[in-house]
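One structure below.
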Protein chains: 6
Amino acid sequence: MSKQKPVLLTGASGNLGRVLARDLAAQGYALRLTDLAPFPDAVPEGASFTRADLNDGVAILQLAEGCGAILHFGGCATDQPFETVIGPNIRGLYHIYEAARREGARVLFASSNHAIGFHERPQGNEAKLDVDCAFRPDSFYGLSKAYGELMGRLYWDKHGVENLNVRIGSSFPEPADARMLATWLSYPDLSRLCARFLEAPKVGHAVVWGASRNPDSFWGADHRARIGWEPEDTAEDYRAKVEHKLSGNPVVERYQGGGYTGAGYSRAAPSPRDPFALEE
Amino acid sequence: MSKQKPVLLTGASGNLGRVLARDLAAQGYALRLTDLAPFPDAVPEGASFTRADLNDGVAILQLAEGCGAILHFGGCATDQPFETVIGPNIRGLYHIYEAARREGARVLFASSNHAIGFHERPQGNEAKLDVDCAFRPDSFYGLSKAYGELMGRLYWDKHGVENLNVRIGSSFPEPADARMLATWLSYPDLSRLCARFLEAPKVGHAVVWGASRNPDSFWGADHRARIGWEPEDTAEDYRAKVEHKLSGNPVVERYQGGGYTGAGYSRAAPSPRDPFALEE
Amino acid sequence: MSKQKPVLLTGASGNLGRVLARDLAAQGYALRLTDLAPFPDAVPEGASFTRADLNDGVAILQLAEGCGAILHFGGCATDQPFETVIGPNIRGLYHIYEAARREGARVLFASSNHAIGFHERPQGNEAKLDVDCAFRPDSFYGLSKAYGELMGRLYWDKHGVENLNVRIGSSFPEPADARMLATWLSYPDLSRLCARFLEAPKVGHAVVWGASRNPDSFWGADHRARIGWEPEDTAEDYRAKVEHKLSGNPVVERYQGGGYTGAGYSRAAPSPRDPFALEE
Amino acid sequence: MSKQKPVLLTGASGNLGRVLARDLAAQGYALRLTDLAPFPDAVPEGASFTRADLNDGVAILQLAEGCGAILHFGGCATDQPFETVIGPNIRGLYHIYEAARREGARVLFASSNHAIGFHERPQGNEAKLDVDCAFRPDSFYGLSKAYGELMGRLYWDKHGVENLNVRIGSSFPEPADARMLATWLSYPDLSRLCARFLEAPKVGHAVVWGASRNPDSFWGADHRARIGWEPEDTAEDYRAKVEHKLSGNPVVERYQGGGYTGAGYSRAAPSPRDPFALEE
Amino acid sequence: MSKQKPVLLTGASGNLGRVLARDLAAQGYALRLTDLAPFPDAVPEGASFTRADLNDGVAILQLAEGCGAILHFGGCATDQPFETVIGPNIRGLYHIYEAARREGARVLFASSNHAIGFHERPQGNEAKLDVDCAFRPDSFYGLSKAYGELMGRLYWDKHGVENLNVRIGSSFPEPADARMLATWLSYPDLSRLCARFLEAPKVGHAVVWGASRNPDSFWGADHRARIGWEPEDTAEDYRAKVEHKLSGNPVVERYQGGGYTGAGYSRAAPSPRDPFALEE
Amino acid sequence: MSKQKPVLLTGASGNLGRVLARDLAAQGYALRLTDLAPFPDAVPEGASFTRADLNDGVAILQLAEGCGAILHFGGCATDQPFETVIGPNIRGLYHIYEAARREGARVLFASSNHAIGFHERPQGNEAKLDVDCAFRPDSFYGLSKAYGELMGRLYWDKHGVENLNVRIGSSFPEPADARMLATWLSYPDLSRLCARFLEAPKVGHAVVWGASRNPDSFWGADHRARIGWEPEDTAEDYRAKVEHKLSGNPVVERYQGGGYTGAGYSRAAPSPRDPFALEE
C-alpha cells in the first residue's frame with residue numbers, strides 16, 4: 001500500500017503511540033490518531049485525533065473508514081485485573097478486525113512477548129525460540145495478546161485480512177534492567193518496523209519478534225524478511241548500566257516473560273519446558 | 001482424586017451435560033449441576049442443581065467450593081455473534097479457572113475441533129494432525145475454545161492447576177453426515193472419557209481429540225494415555241447412512257472445521273496449509 | 001435498484017414483517033430477515049433469518065453488508081415505557097442509518113401516524129393534512145418515529161442516503177373500529193408499497209401516508225408519486241362492521257392519533273390546532 | 001411565576017450555566033444548580049449546587065421538587081459520538097419533562113440552530129427563516145435538539161407543560177468568526193431572555209431564535225413577544241474583527257449550521273432547499 | 001384513608017398478589033397492579049395491570065401517582081443469589097419509598113420472619129418473641145427484608161411516611177409441615193390485614209407478625225391493635241396432617257427461620273441466643 | 001490472630017485508611033492496601049497497594065486470599081445519592097464477607113453513628129445509648145451501615161465469621177463543632193482500636209462505639225472489653241474552640257446523627273423517641 005490511504009493508529013496517546021504519531025506523520029503518512037485518553041502532544045501536521053473507546057464498535061468502524069492500514073497499539077498495556085483487560089483487549093480486537101475486513105485494510109497488532117512468556121530463557125548454546133512456538137501466556141495481558149494473534153489468524157484464514165503480529169519485548173527509551181539486554185526494542189527500530197509494514201507489498205499472516213539487534217536475544221526465526229525490516233540498534237550499548245540489575249526471583253529469571261511470570265506465581269515447582277509434560 | 005469430593009458440571013442442561021449427569025451420577029459421583037437454563041430432567045440421586053450465570057464470578061466460585069474437579073461444558077455451544085460469545089465463553093472461563101485454582105481442583109474443558117478448524121483435512125496417506133499443532137480457529141466460537149485452552153495452559157504454568165482439554169469433534173447420538181465419519185464422538189465414549197479423567201492419578205496440562213475409534217479420523221497423537229482412555233465406539237457402523245451426505249461447498253469439504261469454516265467465508269482463495277504462508 | 005442486491009428486512013417476526021417476508025420473497029427478492037424474536041414461520045425460499053438486537057451496532061452493520069435496501073420495521077411497535085423504547089427505536093435507528101450510509105443502501109422506515117397524532121381530525125370540508133405538516137407526537141412511541149424521520153433527513157442532507165418514511169395508519173387484516181375507516185392500511189397495499197419503493201429509480205427524502213384508499217382518510221398530499229404507488233384497497237368495505245365502534249373518549253375522538261393521545265392525558269383543555277397557540 | 005418558587009438550572013457548570021447562575025442569583029431567584037461536573041465558581045448567595053447525572057431519573061425528579069421552572073442547559077453541548085449524546089440529551093430530556101410535569105413547572109430548553117442547520121443561509125433579499133420551518137438537523141447533536149423540542153411539544157399537547165425552546169445561535173463573550181455576525185447571542189441578552197421567561201404570565205409551547213439584534217441574522221419571526229424579550233446587543237460591533245474569518249468550505253458557508261454541516265459531509269451535491277426535493 | 005385514592009399493589013402476579021388483587025378489588029378498592037411477570041388472571045373489575053421492573057425508578061414513581069397506599073409484595077420471594085436479590089429487593093425498596101414520600105402515601109411492606117430467622121424457637125414456657133427484638137436475618141433474602149424495614153423507619157423518621165411491616169410467616173393455602181403450625185398465615189387473614197391497613201386512621205411505623213391465630217406461634221407482642229386486625233384462622237385445623245413433617249436437620253428445627261437457616265450453614269456450633277455472645 | 005497472616009485494609013486512600021496504613025505498618029503488620037482511588041502516600045514498608053473496585057467480587061476475593069483479617073473502611077464515606085451508595089456499600093459488603101468466610105478471616109467494619117442517628121441525644125441525666133438499641137438510620141449512608149452490621153450478624157450466625165462493628169462518631173484530627181465534643185474519635189484511639197481487634201483472642205459478633213473518652217458522649221455500654229480497648233484521648237481538650245459551634249437547626253441539635261438528620265428533613269414534627277410510637 002502507499003501513502004494515499006489514511007492509517008489509523010490506536011493507542012496514540014501512549015508512549016509508543018506518541019513516538020509513532022510523530023515519526024510517521026513526519027514521513028508523510030495521513031494519520032488518524034485515536035485513544036481513550038486525550039492526546040498529550042500537539043497533533044502533528046497531516047494527522048487528526050479523535051477520542052474513542054475500543055468497546056464502541058460503531059465508532060471504531062467509522063474511524064477506520066477509508067483506511068488502508070491499522071496500527072493497533074490500543075488497549076491495556078500492562079497486566080491488569082481480568083475485568084479491566086476484557087473490554088479493550090478482547091472486545092476491542094474484534095472491532096479492529098471487523099474494521100479491517102470491511103476496509104480491506106491490513107493490521108499491525110502490537111502483540112507481546114508475554115503471549116509466550118512461560119517459555120524458559122535459552123541457556124548457553126540452546127536454540128532460540130522461533131515464532132511458530134506454542135503460546136505460553138504468562139498473565140491475562142499475555143493471554144489477551146495470544147487471543148489477538150489468533151483473531152488475526154482467523155481473519156486471514158477466513159477473510160484474507162493481512163496482519164503482522166509484533167511480539168514486542170521491552171520498548172523504552174533505553175534498557176532498564178538485565179533482562180532487557182535480551183528484550184529491548186528501541187523506539188527508532190519500532191518506527192522503522194511500522195513504516196516497513198506499511199510499505200510491504202504482501203504481508204499475509206506474519207509474526208515478528210519486536211526486539212532490537214541484541215546479542216542476548218531469546219528469539220530466533222520470524223517473518224521479518226517479508227517486510228524487509230532489520231533492527232539497527234542494540235541493547236549492548238547499555239550493558240554496563242544494567243547487567244547487574246537482576247530481580248533475585250528465580251521464577252522471574254527462568255522464564256522469558258520476566259516479572260509477569262512471577263506475579264502471583266503459586267506453583268510448587270517450575271513449569272517444564274514441554275508444555276504437555278506432567279511434572280509439577 | 002476419588003469420589004469423595006464433589007464434581008461440578010457446568011452446562012448441565014445441554015445435550016452432553018444431561019448425558020454426563022445421568023451417567024456419572026449412576027457411577028456414584030457427587031455431582032453439582034449448573035446451567036443458565038433449568039435442568040430439564042429429574043435431578044439424579046446424589047446430585048443437586050443450581051441455576052447460575054457463568055458471568056457471575058462470585059456465584060461460580062461458591063458453586064465450586066469443596067469440589068475436586070470441574071467438568072466445564074457450559075457456555076455457547078455453537079457459533080454466535082461476538083457479543084453473545086464473550087460473556088459465557090471468555091469471562092466464564094476465567095471464573096472457572098479461578099474457582100479451580102482456589103479449590104485445588106482439576107478442570108476438564110470441553111474444547112472443540114473448531115479451535116483448529118482451518119487445518120486442511122488429511123488426504124490419502126497424509127499424516128493426521130497431532131494435538132501440538134498450531135491453533136487455527138474457524139469462528140468466534142472456535143477462537144473462544146483456543147482461548148480456553150490457553151487459559152488452562154496459563155493456570156497450569158503459573159498455578160499448577162491440572163486441566164484436560166477435549167477437542168470434541170461431533171458428539172451426537174449418531175453421525176449425521178459424511179464428515180462425522182471422521183469426527184463423531186459417541187455419548188458412551190464421552191462418558192467414559194470423563195470418568196477416566198476423574199480417576200486419573202495425574203493429568204498436568206493435556207489435550208485429547210474428542211472422537212470415537214473412527215478409521216477416517218483427521219486426528220493423530222494426543223495425551224489420552226495419561227488418563228487411560230480409549231474410545232470403544234466407531235462411526236463406521238453408520239457409514240452407509242451418511243457417507244453420501246456432503247455439503248457441496250469446497251471450503252467446507254477442504255477444512256477440518258466443516259460448516260463453521262464456510263460460514264461467512266470471504267477469502268479469494270483457500271487458506272494455505274502453512275499458517276504463515278503468504279499466498280491468498 | 002434491482003433484485004440483484006439483497007434486501008434487509010428488520011422486525012421480520014412481527015405481523016407486518018411476516019407479511020412482507022412472504023410477499024417479497026415470492027416476488028424474487030433476496031431477503032435477509034432479522035428480529036430479536038425467532039421467526040415464527042418457515043423461512044421463505046431465497047431468504048435467510050438471523051436473530052439480532054437493534055442495540056448491537058456491529059451486528060446490524062454486518063447484516064446489512066452488500067444490501068441495496070433496508071426495510072426497517074423493527075423496534076417497539078406500540079407505546080411502551082421510555083426505557084423500553086430508547087434502545088431499539090432511538091439507538092437502533094442510528095445503527096440502521098449507519099448501515100445504509102456504508103452500503104449506499106436506501107431505507108424504508110416504518111414511521112407512524114403517531115408522529116403527528118396530536119393534529120385534530122379534519123371536520124366536514126376541512127383540508128386534509130399534508131406530509132409537510134409539523135410533527136405533533138402523541139406518545140414516546142410517536143416521538144421515536146419523528147426522531148427516525150429526522151434521522152433520515154439528516155442522512156439525506158449530509159450523506160445522500162435515500163429514505164422513504166411511511167406514516168403507517170393502522171395495518172391489520174381488517175379495520176377494527178370506526179377510526180380505522182380513516183387510517184386502515186391493508187396488507188396487500190403495504191406489500192405493494194414496499195415493492196414499489198424497492199423498484200423506484202429515485203426516492204430522495206420522501207414521506208408517504210400509509211393508508212389505503214379510504215374516503216374518510218385524514219391525510220392529503222404526500223410523495224407517493226415518486227415511487228408510483230397507489231393503494232387499491234379501501235376500509236369502506238368494512239364500514240358496517242365498525243362504524244359504531246367509538247371510544248367514547250372525547251380526546252381520543254378529537255385527535256388523529258386516537259387511543260395513543262388519550263393514554264395518560266392530563267391536560268386541562270384540548271390542545272389547540274396551532275401548535276404554537278397559547279391557550280390551554 | 002414569581003421568585004417564590006425555586007428554579008432548577010441544569011448544566012450549571014458550563015459556560016452559559018455559570019453566567020446564568022451569577023446573573024439570576026443576583027436578581028434574587030432561588031437557584032438549584034446541578035451538573036455532572038463540579039461547579040467551578042463560588043456558589044452564589046441563595047443558590048445550592050448538587051452534582052447529578054441526567055441519566056439518573058430519580059435524582060433529577062428529586063432536584064426539581066417544588067421548583068416552578070427548569071432552565072435546561074445540561075447535556076452534551078457540542079457534537080459527539082452517538083453513544084455519548086444518547087444518555088444526557090435523549091434520556092435526560094425525558095427526565096427533565098417528567099420532573100416538570102410532576103411539579104407543574106415550566107421548561108426553558110436550550111435548543112440550538114443545529115436543529116435546523118441544513119437550511120440554506122438567506123442570500124440578499126431572501127426571506128429569513130421563521131420558527132415554524134421544518135427541522136433540518138445537521139448532526140446528532142442537532143438531532144437531539146429537535147428531539148428535545150418535540151418532547152416539549154408532546155408534554156404541552158398531552159399534559160399542558162409550558163416550554164420555551166431557545167434555538168441558540170452562538171453564545172460566546174464575543175463573535176469569533178464571520179458567521180457569528182448572524183448567529184451571535186450575547187451573554188446579557190441570554191440572561192435577560194431567561195429572566196423574561198421566568199416572569200412571563202403565559203408561555204405555552206413557544207420557540208425563540210437565540211440571537212442578538214444582528215442585522216445579518218438568518219432568522220425571522222418567532223414567539224419572543226410572548227415573553228416580552230428583545231435583544232439589546234449586536235454582533236455588528238465586532239464586524240471589523242471577524243468579517244474576514246471565513247471557513248473556505250463551501251458546504252459550511254452555504255448552510256446555517258456552519259461547521260457542523262461540513263463535519264463528515266459526504267454528499268455528492270448540496271442538499272436542496274426544499275427538504276422533499278429529489279435532486280442530489 | 002378511604003377508597004377514594006387508588007392503591008398500588010406490587011408483585012401482583014405472585015401467589016399472594018393474586019389473592020389480594022381478587023379480594024381487594026371485590027371490596028371496591030381501585031387497584032393498580034404491577035409485576036415484572038404478566039398477570040396470569042383476568043384483571044379484576046376496577047383494576048388495571050402494568051408491567052414494570054422495580055429497578056426502573058421513574059416507572060415506579062409514575063405508577064404510584066395519585067395513590068394513597070402501596071401494598072409492596074414485589075421483589076424476590078425466596079432466597080436467591082445476591083446479585084438477583086439486590087436489584088428488586090434493595091434498589092426496588094428505595095423506589096417504593098420515594099414514590100410513597102412524593103404521594104404522601106402509606107406503605108405496607110411484605111417483610112418476612114426471615115429477617116429475624118436466627119432467633120431460636122421458644123421452648124416450653126419460654127417467652128415468645130416481640131417485634132422490637134433485634135434483627136437476625138437468616139439469608140440474603142431475610143437481610144433484604146431487614147433492610148426494607150429500616151428503609152421504612154428512615155422514611156418515617158425523616159419524612160413522616162407511614163408504614164406497616166408485616167413479617168410474614170408462611171402464607172400458603174394450608175400448612176405444609178410441622179413448622180407451619182407456628183408460622184402459617186391463611187390467605188383470608190392476610191387479605192383482612194391488608195384491608196385493615198388501608199382503613200386504619202393512623203399507622204406510624206409499625207411491625208406486625210404475619211401469622212394466623214396459631215397456638216404454637218413463636219411470636220408475641222406487635223402493633224396489630226393499631227390497625228385493629230386479629231387473625232381468625234388457625235393452623236391447628238391441620239395438625240394431624242403435618243405435625244410429623246419434620247426436617248430432621250437440627251439447625252432447621254432450632255431456629256425460627258427453618259429451612260433458610262440451614263441452607264449453606266457452616267458454623268461449628270449453634271449460634272447462641274444472645275446475638276452478642278461470644279461462643280461459637 | 002498474630003501478625004503472621006496479612007491484613008487487608010480497604011478504603012486505604014481515605015483519611016482514616018491512610019492513618020491506619022501508616023500506624024499498622026509501623027507495628028509490623030503485613031498490610032494489603034486497596035482503594036478505588038490511587039494511594040496518595042508512599043506505600044509503607046511491608047505493605048502493598050492494589051487498586052480495586054468493591055463492586056468486583058472476584059478481585060476482592062483475590063485480594064483477601066490468605067488474609068487473617070479485613071479492616072473494611074472502603075465505600076462511600078458520606079451521604080450520597082442512592083445509586084452511588086448501593087454499589088460500594090451494599091454489594092461491596094457482600095464481597096467483603098464472602099472473602100472473610102472463605103479465608104476464615106475476621107472483619108472490622110467501619111460502621112457509623114448514622115446507623116442510629118435518629119435516636120435523640122440524651123439530656124441531663126438521661127441514660128446513654130447502649131449498642132443493643134434499635135437501628136434508626138438517618139440517611140442512605142446510615143442505612144447502608146445498618147445493612148453492613150446485619151450482614152455481619154448473618155455471617156456470624158450462619159458461618160461463624162467474627163466481626164467487630166465500630167460505630168464511628170466523628171474521626172478527624174480534632175473536633176470541628178460542638179457536637180463532636182460527644183462524638184469525636186481521635187486518630188490514635190482509632191489506630192489502637194484496630195490493633196486491639198487484630199490481637200484479640202476472640203471477637204464473635206461485637207459492636208463498639210467509635211468515640212474517644214469524651215465526657216459528653218451520647219453512648220454507653222458496648223463490647224470493647226472483648227478486645228481490651230479503652231480510648232485515651234478526649235474531645236474535652238478542644239471545648240473552648242468548638243463549644244459555641246452549633247448548627248442553629250433544631251432537628252440537627254435534637255438527634256444524635258447531627259447534620260445528616262436535617263438534610264432533606266420534611267417531617268411535620270420531630271420523630272418520637274420510641275421508634276414505634278404513633279405521633280408525628
Side-chain angles (χ1 to χ4, degrees), chain C residues 57 82-83 86-87 90-91 94-95 98 101 115 117-118 131-132 134-140 142-144 146-147 149-151 153-154 156-162 202-207 222-223 226 251 255 261-272 274-280, chain D residues 57 82-83 86-87 90-91 94-95 98 101 115 117-118 131-132 134-140 142-144 146-147 149-151 153-154 156-162 202-207 222-223 226 251 255 261-272 274-280:
Chain C
F82 185 85
E83 281 299 322
I86 191 173
I90 300 286
R91 180 181 290 113
Y94 167 60
H95 295 158
E98 268 300 285
R101 179 184 65 77
F118 263 118
V131 287
D132 59 359
F135 288 110
R136 298 194 66 177
D138 59 19
S139 52
F140 298 129
L143 183 53
S144 79
Y147 181 87
E149 291 198 21
L150 290 172
M151 180 72 88
R153 185 164 288 182
L154 169 60
W156 168 245
D157 281 347
K158 201 164 210 168
H159 306 295
V161 175
E162 294 194 299
K202 186 83 182 166
V203 172
H205 171 74
V207 185
D222 66 11
H223 309 114
R226 194 170 292 180
V251 170
Y255 297 111
T261 63
Y265 192 85
S266 67
R267 216 173 188 279
S271 167
D274 171 3
F276 297 113
L278 264 183
E279 322 82 272
E280 174 167 22
Chain D
F82 185 85
E83 281 299 324
I86 192 174
I90 300 286
R91 180 181 289 114
Y94 168 58
H95 294 158
E98 269 298 285
R101 180 184 65 77
F118 263 118
V131 288
D132 60 358
F135 287 110
R136 297 194 67 178
D138 59 20
S139 53
F140 297 130
L143 184 53
S144 79
Y147 180 87
E149 292 197 21
L150 291 170
M151 181 73 87
R153 186 164 289 182
L154 170 60
W156 168 245
D157 281 347
K158 202 164 209 169
H159 306 295
V161 174
E162 294 193 300
K202 186 83 182 164
V203 171
H205 171 72
V207 185
D222 66 10
H223 309 114
R226 194 171 293 180
V251 170
Y255 296 111
T261 64
Y265 191 86
S266 68
R267 214 171 190 280
S271 167
D274 171 2
F276 295 113
L278 262 184
E279 322 82 270
E280 175 166 19

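Source: prediction; values computed, not measured. Naming: A, B, ... by sequence-line order, numbering from 1 per chain.
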Checking [X] against chain C: side chain, backbone, both or neither under 4.5 Å from a heavy atom?
X: D:R153; result: side chain
X: D:E149; result: neither
X: D:H205; result: both
X: D:V251; result: neither

Are C:F140 and D:Y94 close enough that their ring centres sit under 6.0 Å apart?
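Yes, the ring centres sit under 6.0 Å apart.
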Please report the C-alpha distance between C:D222 and D:F276 in whole Å, then the side-chain angles of each, then the deciding distance to 0.1 Å, and finally whether the side-chain contact (heavy atoms from CB on, under 4.5 Å) criterion is met.
CA-CA 10 Å; C:D222 66 11; D:F276 295 113; over 6 Å; no
Give the member of C:Y147, C:F135, C:Y255 that has the highest number of heavy-atom pairs under 4.5 Å with chain D.
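Answer, by heavy-atom pair count under 4.5 Å with chain D: C:Y147.
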Mind ranking D:V131, D:T261, D:D132 by heavy-atom pairs under 4.5 Å with chain C and telling me who comes out on top?
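Highest number of pairs under 4.5 Å: D:T261.
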Which of D:R226, D:K158, D:E83 touches chain C most, by non-hydrogen pairs under 4.5 Å
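Option with the greatest count: D:K158.
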Considering all heavy atoms of both residues, which atom of [X] and which atom of [Y] are nearest to each other, and what is their separation?
X: D:D274; Y: D:R136; value: C-NH1, 4.2 Å
X: C:E162; Y: C:V203; value: OE2-N, 2.7 Å
X: C:L143; Y: D:M151; value: CD2-SD, 3.6 Å

What part of C:D138 lies closer than 4.5 angstrom to a heavy atom of chain D: side chain, backbone, both or neither?
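For C:D138, the backbone is the part near chain D, not the side chain.
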Kindly confirm or rule out a cation-pi arrangement of D:R267 over C:W156, judged by NZ or CZ under 6.0 Å from the six-membered ring centre and within 45° of its axis?
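Geometry flag: set, cation within 6.0 Å and 45°.
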